[in-house]
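Presented below is the structure to which this report refers.
As a basis for the values below, the full set of heavy atoms in this structure was taken, side chains included, without hydrogen atoms, waters or symmetry mates.
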Amino acid sequence: MNKPQNKNQTRRRFLQSTSLIGGALCLPTAWSQSKMESDPWQRAQSIVDRFAKALPFRDQDFSVLEFGAKRCELDSVKAWVSHEEQATLPTPKTGSHDCYPAFAAAIAACHQAGGGRVVIPKGDWYCAGPLVLLSNVHVHLQAGAHIFFSHQPEHYAQYGSVDCGANGRLVISRWQSNDCLNYSPMVYAFGQTNIALTGEDWSSILDGQGGVPFNEAGDCWWTWKGKQKTINSVGQDTTPNYKAGKMSENTVNPLNAKALSDVVNISQEEASLIQAEGDRWRADGAYLPALSEAKVPLPKRVFGKGHYLRPPMIQLIGCDRVWLQGYQVCNTPFWQHHPVNCRDILIKNVLAKSHGPNSDGFDPEACDNVLVESCTFDTGDDCIAIKAGKNRDTQYGPSQNIVIQNCTMQSGHGAVTLGSEMAGGIQHVYAQNLLFENMHWATNTLNTAIRLKTNMNRGGFLRHFYVRNVRIPNGVQTSPSFYASLPGSPIASRTVASAAGAVVTFDCDYAPVADNVRTRPPEVSHVHISNVTVGNVKSKTGQHSCYQAIVILGPVASDYNGPVPMPTILPVRDVVIENCDFGDPVNQEQYMYLYNVQGLKLKNVKIAGKTITQEFKA
């Protein structure tokens, strides 16, 4: 039986370590390593094989009923179900029994006994606080078990391990890849080993109630997103109940410091670069990255009450041997699953369903050895988005050794996405046997299928990325969506469909106007994509599969604003796309957009009925 890790020791490692938590990766022999490099899919299989056996747990059940849990009765409420739609949803009646103490006591008893299974039976349960997972504990939802997590933000600022005064009792978290003290996620673990969260089927539901109003004004978690920025988005033009002037993550927060020099010893030159002109940097969503750039330590990155950074639904930090299987997660305030600095993670047969702002399905960050198997994603943002730190928060290194297979992506921004927060690098990612269904193509379409997002701020590297056997029967967005470029850029604003409209999008100039510090050129190389088949759907101009087939926008040197001499700006290179059929793009005259690309090889690629075998550079 594994000994539980000392939580304080783990926290110190999280704050101080510059290496990954956990034991060393078992390296293959020189012979097998060489063989895997010649056949990358052998390396992928070696990752899959790590998960052949289920995690071991003591054979003892702890029913939450024995610890005082009681089922709740439900009312109906008008709630948001996406960026733009409302519907009537069930929600626990006012005054429902709070199961948080019972859930916490059952998990603690199981952990103290040396492990086992905590069972949540069939029924509706109200929980006004987080499920905090502990080592050697398997939390299991029986069929028909539906946990309604409280939609009141303050309930996630009362049980954390860090007392932040008026901001509440908070937890060590990451928000869009920057470390902070913030509201607790609904399911949380820190520095634990051998943990599982499972359900019997998709009637086992973890419900974040992200669109349920929490005040008389009708605001919900999703309102905190604030103003939308994407030009020509489809089905995502607004934020639920947001109006200009309301507080949000991109509204200047008067609680934040007026100058970085008020919180850290910093030169005027460096502070000016980070803050730029005006006070836009004081909005919570920009203030946290600014604190990272200024090397402000974690204890001073305090958010929680009075701030507007929504927590992920499920966040696991510094954990080893994690098993997520067989449940449905829905209506999440923010990202649905966000493991950070974890090793050996399986997520299998999970339905990730949330159409709210930033409802990414699965975002592994700085993780090593990950298998995503037979999951279905129906999301309001990227289905899968692999992350690796942002700004200076790169102490856990790259995300690596990740396999995605036999999954269905029903809707979202990107089906398989890398970035945009990837400053620590991403390598050895394998995606195969996937269905990008795009089932909501007429009203809320899949923006792009295979997507990379980075820029001169987010930097990082992508290398050894392999994709094969992908079906996209209903295409992707058939109209272009643009991001604005910086003044003086050779890329004119609103001319490149890097936000949506292409099947394959490599965007190394992602949202550059959002980042004041642009000193880290990204590197992209060694990508292989094969056997992708894209179908047509009815558009305004006929039967089409996309706006363009391929957009590869390499790093834009003019964005750099750091010290001279400027570092080398490398083109996107060594990309091979072969044996694909991209259907019929709307823009057949320019079916492909390339900038700062070298060694792009198309082999037996069909676009608009024409077969292309050619090498390109731009």
Side-chain angles (χ1 to χ4, degrees), residues 7-16 98 100-101 104 127-133 149-192 208 214-215 219 221 224 247-266 281-318 333-335 338 340-341 390-393 395:
K7 193 171 182 179
N8 290 330
Q9 183 182 34
T10 303
R11 182 176 291 106
R12 286 195 297 272
R13 283 194 296 173
F14 185 87
L15 299 175
Q16 299 171 1
D98 177 14
Y100 167 78
C127 187
L131 282 179
V132 180
L133 307 181
F149 287 96
S150 168
H151 56 290
Q152 297 291 340
E154 61 266 24
H155 290 159
Y156 303 94
Q158 56 185 353
Y159 298 116
S161 60
V162 185
D163 188 348
C164 296
N167 297 69
R169 295 193 64 89
L170 307 180
V171 300
I172 296 172
S173 185
R174 264 199 176 191
W175 190 86
Q176 287 196 341
S177 300
N178 287 128
D179 300 325
C180 61
L181 298 169
N182 198 24
Y183 293 106
S184 175
M186 284 75 199
V187 179
Y188 180 72
F190 187 96
Q192 304 303 306
F214 55 61
N215 60 21
D219 296 336
W221 279 112
W224 289 6
M247 292 302 297
S248 73
E249 70 188 50
N250 54 37
T251 305
V252 172
N253 191 332
L255 296 178
N256 293 332
K258 294 182 178 180
L260 282 170
S261 57
D262 293 340
V263 292
V264 68
N265 184 15
I266 189 172
W281 72 280
R282 296 179 61 213
D284 288 336
Y287 187 68
L288 176 56
L291 297 180
S292 174
E293 288 285 5
K295 304 177 187 176
V296 174
L298 176 60
K300 292 186 178 181
R301 303 186 194 182
V302 181
F303 290 84
K305 289 183 180 179
H307 296 268
Y308 301 89
L309 302 184
R310 295 161 287 149
M313 180 75 179
I314 299 171
Q315 187 172 62
L316 315 170
I317 299 178
F334 194 61
W335 295 350
H338 185 206
V340 179
N341 188 26
K390 186 172 183 286
N391 307 104
R392 297 184 183 273
D393 294 335
Q395 66 268 38

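For the pair Val264/Lys295, no side-chain contact is recorded, criterion being any heavy-atom separation below 4.5 Å from C-beta on. Taking 4.5 Å as the limit, some side-chain heavy atom of Leu291 sits within range of a side-chain heavy atom of Leu260. Contact of the Asp179 side chain with the Ile172 side chain is not registered, since no non-hydrogen atoms from C-beta on lie closer than 4.5 Å. With contacts defined as side-chain heavy-atom distances shorter than 4.5 Å, the pair Asn182/Arg301 does not qualify. You'll find the side chain of Gln152 reaches within 4.5 Å of the side chain of Phe214, heavy atoms only.
The minimum heavy-atom distance linking Asn215 with Asp219 is given by the pair OD1-N, 2.9 Å. Across all their heavy atoms, Met313 and Phe149 have their closest contact at CE-CD1, 3.7 Å. Closest non-hydrogen pair, Pro185 versus Val171, comes out as CD-CG2, 3.9 Å. Of all heavy-atom pairs spanning Pro289 and Asn391, the tightest one is CB-OD1, 3.4 Å. Closest non-hydrogen pair, Pro254 versus Val252, comes out as CD-O, 3.6 Å. Residues Asp98 and Tyr159 share a closest heavy-atom pair of OD2-OH, 4.4 Å.
For the pair Tyr188 (side chain) and Ile317 (backbone), a donor-acceptor distance under 3.5 Å is absent. Formation of a donor-acceptor pair under 3.5 Å by the Arg282 side chain with backbone atoms of Ala257 is found in this model. Judged by distance alone, with hydrogens and angles left aside, the side-chain atoms of Tyr183 form a donor-acceptor pair with the main-chain N or O of Gly304 at under 3.5 Å.
In this structure, CG on Asn256 lies 5.0 Å from CG on Asp284, to the nearest 0.5 angstrom. To the nearest 0.5 Å, atom CZ of residue Arg392 and atom CG of residue Asn178 are 12.0 Å apart. Here the CZ atom belonging to Phe190 is positioned 7.5 Å from the OG atom belonging to Ser161, to the nearest 0.5 angstrom. The line from SG of Cys180 to CG of Leu298 is 7.5 Å long, rounded to the nearest 0.5 Å. For the atom pair Asp393 CG and Glu293 CD, the distance stands at 9.0 Å (nearest 0.5 Å). For the atom pair CZ (Arg169) and SG (Cys164), the distance works out to 8.5 Å, reported to the nearest 0.5 Å.
With Trp335 as reference, Gln176 is the one residue of Arg310, Gln315, Gln176, Arg174 to meet the side chain to side chain contact (heavy atoms under 4.5 Å, CB included) rule.
Aromatic ring centres of Phe334 and Trp175: separated by under 6.0 Å.
The number of heavy atoms from other shown groups lying within 6.0 Å of CG (Asp262) is above 12.
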